[in-house]
Amino acid sequence: MEAPPFSSSCSSSPSSSTARLLSSPSSSSLLFRRNSFSKIHYSAKFKSPRNLSIRASGDSVVTLLDYGAGNVRSVRNAIRYLGFDIKDVQTPEDILKADRLVFPGVGAFAAAMDVLNKNGMAEALCSYIEKDRPFLGICLGLQLLFESSEENGPVNGLGLIPGVVGRFDSSNGFRVPHIGWNALQIKNDSEILDDIGNRHVYFVHSYRAMPSDDNKEWISSTCNYGDNFIASIRRGNVHAVQFHPEKNVGLSILRRFLYPKSAMAKKPTEGKASKLAKRVIACLDVRANDKGDLVVTKGDQYDVREHTEENEVRNLGKPVELAGQYYIDGADEVSFLNITGFRDFPLGDLPMLQVLRYTSENVFVPLTVGGGIRDFTDANGRHYTSLEVASEYFRSGADKISIGSDAVYAAEEYLRTGVKTGKTSLEQISRVYGNQAVVVSIDPRRVYLKNPNDVEFKAVKLENPGPNGEEYAWYQCTVNGGREGRPIGAYELAKAVEELGAGEILLNCIDCDGQGKGFDIDLIKLISDAVSIPVIASSGAGAVEHFTEVFRKTNASAALAAGIFHRKEVPVQSVKEHLLKEGIEVRI
Ligand code: 1PR
């Protein structure tokens with residue numbers, strides 16, 4: 001198939017050329033075997049493949065364009081995991097000389113174009129792509145190929161593909177950002193998508209490019225989320241994907257891109273992905289025990305100490321090992337909460353950063369980390385901004401960060417003054433890394449009421465009355481790990497943090513934490529109906545049925561559990577099997 005000429009907006013780029021779709025031999029199946037249970041298969045093997053993998057026959061170096069705006073550690077890890085070394089682009093010439101170039105765009109469109117234009121990389125990129133050199137753009141790395149974006153714009157892009165990148169429409173009930181595992185509709189044989197078929201791939205974005213007559217020659221797959229948007233493009237050796245090929249089954253895409261000449265057969269695809277899947281998340285509350293070792297702990301209503309004479313911190317295992325196990329078991333995400341971050345400054349708590357680094361080497365699902373994200377001045381008078389703390393978490397392998405106490409203070413201030421200062425941790429981090437990278441973790445406690453008008457905060461009528469027959473409750477937000485109640489309700493907080501730039505809400509409930517009696521449906525319904533960003537239901541899971549209940553009765557996008565997974569009472573696989581059996585779509 002002959003493709004129409006490139007139309008580049010790069011001012012001094014070489015004249016348009018005609019690219020030809022090259023048909024490379026169909027390649028391989030996934031490199032690594034999967035754990036299996038009944039009919040469900042999960043990508044896994046918690047081990048570096050350097051010793052196992054087939055090395056590329058020629059050069060085994062990948063050139064990576066990282067302009068320093070965010071977390072590309074997971075892409076680096078995935079490339080290394082597949083047996084390749086990385087050469088970082090330092091100058092535009094490095095792009096022109098690359099044998100294969102991976103461009104994982106992160107952050108905001110305008111900021112990325114600014115950097116690319118200022119350092120001459122935009123021109124080099126256009127020239128490289130017009131010469132049909134092997135290229136893989138990821139996420140923003142796909143969007144930047146288009147003419148322009150509405151993100152803080154309009155802002156001109158590289159102009160190689162006709163079309164404007166616009167924001168998802170949340171007015172039709174679809175939550176924005178689009179976060180999670182969704183299905184592809186493969187339009188054209190793209191070769192690198194050969195192993196994907198009916199399986200879910202990971203998306204996390206608020207903006208997307210739309211198909212049109214002008215760009216249809218480029219489209220290799222679309223995804224449906226409210227509308228059909230462009231999930232991947234391909235022309236000749238030029239590929240770009242809106243989703244994340246460094247996550248789970250996506251690794252097969254990276255591998256096919258990196259090993260285009262390998263002669264392995266197309267793998268028959270498994271799975272029945274049809275839409276955005278509900279996510280099952282494993283959460284690891286992490287803190288130092290009394291001996292100073294970093295352990296996974298778990299509270300009952302946030303009390304993490306054993307009720308023994310020694311009163312030790314409950315120790316349920318090692319963070320890196322447990323995270324690896326949950327990945328193998330099929331968890332869709334793993335969250336680490338540094339639960340003493342409010343008093344131990346995380347940049348002084350290097351073991352936590354080390355945990356992230358080790359975990360991200362082998363765990364190819366999104367990692368969220370929270371705890372201690374705030375401004376801080378150390379004993380030597382050195383001031384750290386919350387943005388610096390978050391940046392260190394991102395550099396160490398986090399895909400998303402989660403803010404607890406500091407978001408409560410920010411929301412209180414915003415509700416009091418009605419002014420967005422732009423200076424809160426929430427606003428700063430979401431401005432630099434995008435709101436899809438910022439989760440707000442809420443730790444509310446139920447306060448029972450006889451009359452909903454007794455408080456200025458939003459109260460709900462309870463399914464089950466309180467201990468003294470109270471029919472209502474409001475949910476009081478807390479800070480410092482539940483130690484201090486604040487004058488703000490979960491409802492008011494959720495709406496305020498959405499306006500301030502949060503991309504997702506992790507909704508805990510102190511009353512339900514560790515109780516195993518099910519999620520607080522009243523609370524989750526209240527919050528998931530109040531905001532248009534995704535809500536993760538947390539606290540109280542004790543059986544597989546609790547997951548079905550929360551997805552049936554509320555608009556939660558994900559459900560998180562800790563205790564039942566750590567104590568091996570209910571494995572992640574059983575939760576997913578059950579949800580599938582009940583007709584709730586999950587990633588398989
Ligand atoms: O305030 O920005 O430093 O963030 C601190 C973070 O640490 C917050 O996200 C807060 O939720 C968390 N945190 C603080 N103290 C505790 C504690 O338990 N003492 N853990 C704590 C919160 C709650 C859940 C838990 C679910 C599921 N953990 O994340 O994993 O309730 O548990 P279950 O399935 O066993 O019921 P900052």
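Basis for what follows: all heavy atoms, side chains included, without hydrogens, waters or symmetry-related copies. Each ligand, and each atom within it, is numbered from 1 in the order the structure gives.
For E463, the CD atom counts as loosely surrounded, since its 6.0 Å shell holds 12 or fewer non-hydrogen atoms of other residues, nucleotides or ligands. The number of heavy atoms from other shown groups lying within 6.0 Å of NZ (K581) does not exceed 12.
Using a 4.0 Å cut-off between a side-chain N of Lys or Arg and a carboxylate O of Asp or Glu, K298 and E569 do not qualify as a salt bridge. The existence of a salt bridge linking E413 and K423 is excluded, since no basic side-chain nitrogen approaches an acidic carboxylate oxygen closer than 4.0 Å. One finds a salt bridge joining D529 and K525 here, because a Lys/Arg side-chain nitrogen approaches an Asp/Glu carboxylate oxygen to under 4.0 Å.
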Derivation and outcome, side-chain contact (heavy atoms from CB on, under 4.5 Å), residues Y326 and V365:
CA-CA 10 Å; Y326 297 145; V365 289; over 6 Å; no
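The shortest contact between atom 25 (C) of ligand 1 and any protein heavy atom is with D513 OD1, 3.6 Å. Y302 O, 2.9 Å is the protein heavy atom nearest to atom 19 (N) of ligand 1. Atom 15 (N) of ligand 1 has as its closest protein heavy atom G481 CA, 3.3 Å. Nearest protein neighbour of atom 8 (C) of ligand 1, counting heavy atoms only, is S441 OG, 3.6 Å.
If you look at A562 next to ligand 1, the close heavy atoms, those under 4.0 Å, come from the backbone and the side chain alike. At a heavy-atom cutoff of 4.0 Å, ligand 1 is contacted by both the backbone and the side chain of I339. Only side-chain heavy atoms of S538 come within less than 4.0 Å of ligand 1; its backbone N, CA, C and O stay farther off. With a heavy-atom cut-off of 4.0 Å, R374 does not touch ligand 1 at all. Residue-level proximity to ligand 1 for S539 is carried by backbone and side chain together, each with a heavy atom below 4.0 angstrom. Under 4.0 Å from ligand 1, the heavy atoms of D285 that appear belong solely to its side chain.
Ligand 1 is never approached by G370 to a heavy-atom distance shorter than 4.0 Å. The shell of residues lying under 4.0 angstrom from ligand 1, judged by heavy atoms, includes G372. Using a 4.0 Å cutoff on heavy atoms, G299 does not count as a contact of ligand 1.
The heavy atom nearest to atom 4 (O) of ligand 1, considering only S425, G371, G516, is found in G371.
Short contacts between ligand 1 and A561, defined as distances under 4.0 Å to a heavy atom of the residue, involve ligand atoms 34 (O).
Using the six-membered ring where Trp is involved, F174 and Y225 have ring planes that are perpendicular, over 60° apart on the 30 and 60° scheme.
A heavy-atom distance below 4.5 Å is not found between the side chains of Y448 and N468.
Taking the six-membered ring for Trp and the full ring otherwise, the centers of F243 and Y202 sit at least 6.0 Å from each other.
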